[in-house]
Amino acid sequence: MPTCTALIVAAGRGSRFGGPLPKQYALLGTQSVLGRTLAVLRATPGIDQIRVVIAAGDEGLYQAAVAGFDLLPPILGGPSRQLSVLNGLEALAVDAPDLVAIHDAARPFVRAADIAACLEAVAAPDVDGAVLGIPLADTLKRVTGRGAISETVPRDNLWLAQTPQIFRFEPLLRAHRAAAALGATEATALTDDAAIAERAGLKVVMVAGNGDNTKITTAEDLQRASTMETRTAFGFDVHGFAPGTAVMLGGLSIPHVQGLSGHSDADVALHALTDAVLGTISAGDIGLHFPPSDLQWRGVSSDRFLKHALGLLAERGGRVVHLDLTLICEAPQIGPHREAMIDSIARIAGIGRDRVSVKATTTEGLGFTGRREGIAAQAVATVEVPRS
Ligand code: MG
């Protein structure tokens, strides 16, 4: 198995990005763009080590972005991408790997399987490099300075090159050293590492990748990429009847011939909703956060539990899309209190009442709810959280 070091190019200043931070350090949900890229490479079999090329002055941003990753020390980039990569290659040459996988920090959506396909392609004996890319799907036009189309370029055999671009280390280092000696005009035409390898006569092959592997260039790209993901989770709870004159349901006190027994105010509806919300962020259940053995929760109003779960969701940058509750009991009748209960849950959750649904059913006299021994509640929470 050949050794392979990933060289991540994160030295760009991102003039087209325009945000307060260089794009590689901007947040994608809860993780930096660079951090997400590193996580994919770390999880790719065949990539032994990772080294990042950064811009001078970005050391603090870099350290914050790579916390928790086991990486070789960063390398300072040069005045151009090409020279940044050369700096990286020279640093790796001290203890040269067999292969180097050069990858843009700003391509965080690369798939481990596609990197693996590149590694396999470069393993062929007559191949010096393998580049991830996709066939061109759009029609290609040549346009003059004033916007007039002068030519439709046949797109047969045209591909868009992405990264990673994986090469045998020694020939690529030689090719880069040769390219560094070129004049500015000639060097500018070499816009990726494959171009440098091709110029040196190396055999580079294209490996079909995925359209997801886009490069984050503008703030709009980042916004598109940060799209939240939707999650749904379920909650369930039961409380038994006990002597009393009212039951708490959805934060509402409803007069009844009995009360509900339980450690807090026994609001079975809010408990089911709390578990549903906790489920969306895989944060355990209500008993984990508010142990029944803990005396401080005795008699406490259950809106605290739901607010706590919603607070955890908010800490993760998430928000509630919808809460759906079903109460299962013979009595009390829920229908007359439905609208007030929707208002109450919406108020506790801090969402519009159109995002809350309250339903009720009996079990036709069957089971413990049919025997009027208690109330069961089922809840489904739908939330949006930043894509992790
Ligand atoms: Mg409960």
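Note that ligands are numbered from 1 as they come in the structure, with each ligand's atoms numbered from 1 the same way. These numbers come from a predicted model, not from an experiment.
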Handout entry: Expected output: side-chain Arg42 to main-chain Asp70 donor-acceptor under 3.5 Å
Key =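 Yes: the side chain of Arg42 pairs with the backbone of Asp70.
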Exercise for the section: With 2.8 Å as the limit, jot down which protein N, O or S atoms are around the Mg ion (ligand 1). Expected result: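 Atoms qualifying: Asp237 OD2, His239 NE2, His271 ND1.
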Handout entry: Side-chain touch Leu182/Leu190, heavy atoms, less than 4.5 angstrom
Key =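 Of all side-chain heavy-atom pairs linking Leu190 with Leu182, at least one is under 4.5 Å.
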Problem - Lys/Arg-Asp/Glu bridge criterion (N-O < 4.0 Å) met for Arg81, Asp104 - result: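 Result for this pair is yes, salt bridge flagged.
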Exercise for the section: Over 60° means perpendicular and under 30° means parallel, so classify the ring planes of His239 and His271, tilted if in between. Expected result: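 Perpendicular: the ring planes of His271 and His239 meet at over 60°.
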Problem - Geometric class of the Phe305/Trp297 ring pair [parallel <30°, tilted 30-60°, perpendicular >60°] - result: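 Trp297 vs Phe305 ring planes: perpendicular.
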Which atom pairs, donor and acceptor, lie under 3.5 Å between side-chain atoms of residues 309-319 and protein residues at least two apart or in another chain?
{"residue": "Arg316", "atom": "NH1", "partner": "Leu312", "partner atom": "O", "Å": "3.2"}
{"residue": "Arg319", "atom": "NE", "partner": "Glu384", "partner atom": "OE1", "Å": "3.1"}
{"residue": "Arg319", "atom": "NH2", "partner": "Glu384", "partner atom": "OE1", "Å": "3.3"}

